[in-house]
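Worksheet: one structure, shown below.
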There are 2 protein chains.
Amino acid sequence: METSMMEIEKTATILKLLGDKTRLTMLKMLDTHDYCVCEFVEIFKVSQPAISQHVRKLKDVGLVKETRRGQWIIYSLNRESDSFHFVQSLIQHLPNQDFKLQELEEQGLRISCN
Amino acid sequence: METSMMEIEKTATILKLLGDKTRLTMLKMLDTHDYCVCEFVEIFKVSQPAISQHVRKLKDVGLVKETRRGQWIIYSLNRESDSFHFVQSLIQHLPNQDFKLQELEEQGLRISCN
DNA sequence: TTTACATATAAGCATATAACTATTTATTTA
DNA sequence: TAAATAAATAGTTATATGCTTATATGTAAA
């Protein structure tokens, strides 16, 4: 049967957040790997502040969490979030995005954060 | 297992559409009953043009379809839509909204369309 | 065939969103 | 401690959204 119920209002808030190609892709990517802001900047080809604002929105609703590692801040899925299972059942339908990480490595742009 | 893959871009478009309390509730309602515009107007307490615009957006992406019945236009889920299973797996998480229909009947406002 | 009713469309307005540049904050390293 | 790097925040701008009122269209009924 069903996992757990979501409030309509909260769900709408989350769906609006995920209704953005960049954030939706981020979440799918975070399902298999953690990423730092600088990697997202390379991958999405937008400015660093733009990326910061996207991850902040995801953080504000509790979907992702951050860990500082030196000068880098690593973002990861918050698997303790109330909405985690909902979001995961949703991104299940999306194609794996690991190729983006591979492209990054081929360009030698991943090393910077590790 | 998994049903079928959704493109990221198309999925973002759909999620943005569903990231609105009114449209999300509409879809959940349409999962169990068909509704005409005038019923939605009563239920959502917004103007008739506002409702028309919401259902139009849902229709434009193929999630709902309309059937004229006399002077009324009845909206229903388009279960042939590419995105139908995706949307259905999503609204599964939402609480049933049939109480809205009952409220409408108690107010005697449902008779108008039938 | 005029009138009433249901819905759609158009136009206008207020607010939200997503991007950018410039600047600030935090951390590391020289 | 000064310079360099990563990320966050502030401020601006362009565009999108959702609502409203006014009007048009389509159907039914007098």
Side-chain angles (χ1 to χ4, degrees), chain A residues 8-9 12-27 29-30 34-61 63-76 104 108-114, chain B residues 8-9 12-27 29-30 34-61 63-76 104 108-114:
Chain A
I8 291 241
E9 202 138 353
T13 301
I14 289 175
L15 294 181
K16 182 184 281 183
L17 263 183
L18 302 202
D20 174 276
K21 197 192 170 189
T22 303
R23 287 189 296 265
L24 183 61
T25 309
M26 280 179 168
L27 278 182
M29 291 167 68
L30 289 171
D34 297 348
Y35 285 88
C36 76
V37 171
C38 64
E39 290 171 320
F40 280 145
V41 169
E42 290 300 331
I43 287 166
F44 291 106
K45 314 269 191 242
V46 291
S47 68
Q48 173 267 314
I51 295 295
S52 272
Q53 283 159 23
H54 282 304
V55 293
R56 183 170 201 249
K57 287 179 183 185
L58 295 174
K59 203 184 66 168
D60 284 350
V61 297
L63 287 179
V64 307
K65 57 186 179 185
E66 59 178 49
T67 316
R68 181 174 278 277
R69 187 149 80 208
Q71 50 194 328
W72 297 284
I73 295 183
I74 312 295
Y75 282 91
S76 55
L104 211 61
L109 291 166
R110 189 165 159 76
I111 20 167
S112 53
C113 311
N114 292 327
Chain B
I8 291 240
E9 202 138 354
T13 302
I14 288 174
L15 294 181
K16 181 184 281 184
L17 262 184
L18 303 201
D20 174 275
K21 197 191 170 188
T22 303
R23 287 189 296 265
L24 183 61
T25 308
M26 280 179 168
L27 277 183
M29 293 168 67
L30 289 172
D34 297 349
Y35 285 87
C36 76
V37 171
C38 64
E39 289 170 321
F40 281 145
V41 169
E42 290 300 330
I43 287 167
F44 290 106
K45 314 269 192 242
V46 292
S47 68
Q48 172 267 313
I51 295 295
S52 272
Q53 284 159 23
H54 281 304
V55 293
R56 183 169 201 251
K57 287 180 185 186
L58 294 175
K59 205 184 66 168
D60 283 350
V61 297
L63 287 179
V64 307
K65 57 187 180 185
E66 59 178 50
T67 317
R68 182 173 277 279
R69 187 149 80 211
Q71 50 194 327
W72 296 285
I73 295 184
I74 312 294
Y75 283 91
S76 55
L104 211 61
L109 290 167
R110 188 164 158 77
I111 20 164
S112 53
C113 312
N114 292 326

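Keep in mind the model is a prediction, meaning the values are calculated, not measured. Computed over heavy atoms, backbone and side chain alike; hydrogens, waters and symmetry mates excluded. Proteins come first, then strands; the chains are lettered A, B, ... in the order of their sequence lines, and each starts at number 1.
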Between CD of Glu66(B) and C1' of dA6(C) the distance, given in whole Å, is 12 Å
Of the listed dA19(C), dG18(D), dT9(C), the closest approach to the Ser52(B) side chain comes from dT9(C)
Next item on the list: Could you tell me whether the side chain of Leu18(A) reaches within less than 4.5 Å of the side chain of Leu63(A), counting heavy atoms only?
Entry: yes
Whole-Å distance, Leu18(A) CG to dA18(C) P, equals 12 Å
In whole angstroms, the gap separating P of dA16(D) from CG of Leu17(B) amounts to 15 Å
Quick note, Arg23(A) side chain, CB onward, closest among dA18(C), dA19(C), dA8(D) is dA18(C)
Exercise for review: Measure the shortest side-chain to side-chain distance between Val46(A) and Thr22(A) over non-hydrogen atoms and say whether it is less than 4.5 angstrom.
Suggested key: no
**Item:** Non-hydrogen side-chain atoms of Asp60(A) and Arg56(A) separated by less than 4.5 Å
**Value:** yes
Here the distance between atom P of dA6(C) and atom OH of Tyr35(B), to the nearest Å, is 18 Å
ask   = Going by atom types alone, do Glu9(B) and Thr13(B) pair a side-chain donor with an acceptor below 3.5 Å?
value = no
Does Tyr75(B) make a side-chain N or O approach to OP1 or OP2 of dA8(C) shorter than 4.0 Å? yes
Atom CD1 of Ile73(B) and atom C1' of dA8(C) are separated, to the nearest Å, by 8 Å
Rounded to whole Å, the CE-C1' distance (Met26(A) to dA7(D)) equals 13 Å
Exercise for the section: Would you check if Met29(A) and Ile43(A) make a side-chain contact, meaning some heavy-atom pair closer than 4.5 Å? Expected result: yes
By the 4.0 Å heavy-atom rule, please label Phe44(A) as base, sugar-phosphate, or nothing. nothing
When rounded to whole Å, the CD to C1' distance for the pair Glu42(A) and dA7(D) reads 15 Å
Whole-Å distance, Asp20(B) CG to dT15(C) P, equals 18 Å
*asked:* Please classify the nucleic acid contact of Lys59(A) as base, sugar-phosphate, or nothing, using heavy-atom distances under 4.0 Å.
replied: nothing
Distance test, side-chain N/O of Arg56(A) to OP1/OP2 of dT9(D), below 4.0 Å = yes
In B/S/- notation (B base, S sugar-phosphate only, - none; protein heavy atoms under 4.0 Å), nucleotides 21-30 of chain C written 5' to 3' is BB---SSS--
Respond yes when some side-chain nitrogen or oxygen of Lys57(B) is under 4.0 Å from OP1 or OP2 of dG18(D), and no when none is. yes
request  = Assign Lys21(A) to base, sugar-phosphate, or nothing according to its heavy-atom contacts below 4.0 angstrom with the strands shown.
outcome  = nothing
### Message
If you compare every side-chain N and O of His54(A) against the phosphate oxygens of dA19(C) (OP1, OP2), does one of them come in below 4.0 Å?
### Response
yes
Taking for Lys16(A) and for Ile51(B) the nucleotide of DNA chain C with the nearest heavy atom, the one nearer the 5' end belongs to Ile51(B)
> Is Ile14(B) close to Leu15(A) at the side-chain level, that is, under 4.5 Å between some pair of heavy atoms?
Replying inline: no
* Is there side-chain contact between Met26(A) and Tyr35(A), with at least one heavy-atom pair below 4.5 Å? -> no
**OP:** May I ask you to test the Tyr75(B)-Leu58(B) pair for a side-chain heavy-atom distance under 4.5 Å?
**Re:** no
